[in-house]
Amino acid sequence: MVPRMARALKTVLLVVVIVLALGLAAAAWFLVPAHLQIRSVHPPLPSPDVVRARVAEATGGPVKLSWINTSSQATPRSGVLGRADPRPALPYRLCHSSFVLEWEDGRTLLVDAGMTREQAKSFGAAGELVGGGPVDVNTTVADELSRHGDHADGVVFTHLHVDHVDGVRELCGGESARRLAVPLTPNQARAHNYTTAGVFATLQSLPCAELRELPDRELAELPGFPGVFVLQAAGHTPDSQVIVAALRRDGQPTPVVFTGDVVNHIDGINLDLGKPAVYSALVVPEDDARLGAVRRLIRSLRDEAGFAVLVSHDQIALEASGVPRYGDDRGS
Ligand SMILES: [Zn+2]
């Protein structure tokens, strides 16, 4: 009996070791190339002075900005900030935002598109498994725009992750869907990893999306959307872009920078803090040295040039930013 039990135990241990080894090999198969790639994508970053000057010179920029909170979920700060976070117990709410920029002539550009309800539910369920609270699925960009009789003329993505892109599928629903301009920096059009390639393929397959590659510039203005610029941030994903808008509200310049996932909490900018090491190593392979350079560029734009900084996933900071919710001035 005892030798038989020992043999059974040995077999179980062997199976566990094989499963673990296969798991590690599979992870390494994806992770190692992605880590090597993200560390090799370092397009030149413009200096804060260059960004400030281009935005100050821009004419015909957007005159309105609002945001849509497609879904959100209470999440521990330890899920989005590294161990050096001095205030880990403070509340944080991870939201999936879409920003709506509007021009005097009615043109409308979205910065990211959030998720469809179905995708938001499954994304939120995964968040619950790692300490998040129940997910609130609020709305979608398609529902919000149609509720107010509006449409989007274009969408620019901070990066091609499903939580920023999925909602665009509904904007392309139906045969009468409008054409949607989708400007992409060269890296967003070409440099992908296992976290973005599938989303890019989905985007390419959408009948209404007109993908257009921008020239390879350190700060490229979006054709058809004057006063909006993208810089190739990388660091989070090879295709990550930071978007800058020469917004004028009530005739006054109120420049804005959209961080995407350079940080997921405004304290990433305030304290120059990276994300949790496990996240950057195993979930989304990141280059924190590069992200640090982008964080400091954004902080300098805010502190020295008065840009508003809008962090895609930080609901509390977005609510404190003074940017209104989309539809607040439209009636429903
Ligand atoms: Zn994200």
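Computation of the quantities below employed the complete heavy-atom set of this structure, encompassing side-chain atoms and omitting hydrogens, waters and symmetry-equivalent molecules. Counting starts at 1 for both ligands and their atoms, following the listed order.
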**Message:** Quick check: F200 with H192 (ring centres under 6.0 Å apart)?
**Reply:** yes

**Message:** Would you call the rings of H313 and H96 parallel, tilted or perpendicular, taking 30° and 60° as the class edges?
**Reply:** perpendicular

**Fill in**
Only one of Q188, H161, R190 passes side-chain hydrogen bond (donor to acceptor under 3.5 Å, both in side chains) with D239, and that residue is Q188

**Prompt:** Can you tell me if H164 has an N, O or S atom under 2.8 Å away from the Zn ion (ligand 1)?
**Reply:** yes

**Item:** Opening angle at the Zn ion (ligand 1) [NE2, H313; OD2, D261; to 10 degrees]
**Value:** 100°

**Request:** Starting from the Zn ion (ligand 1), look over the N/O/S atoms of D163 and name the nearest one.
**Result:** OD2

**Asked** Do other residues, nucleotides or ligands put more than 12 heavy atoms under 6.0 Å from the CZ atom of R325?
**Response** yes

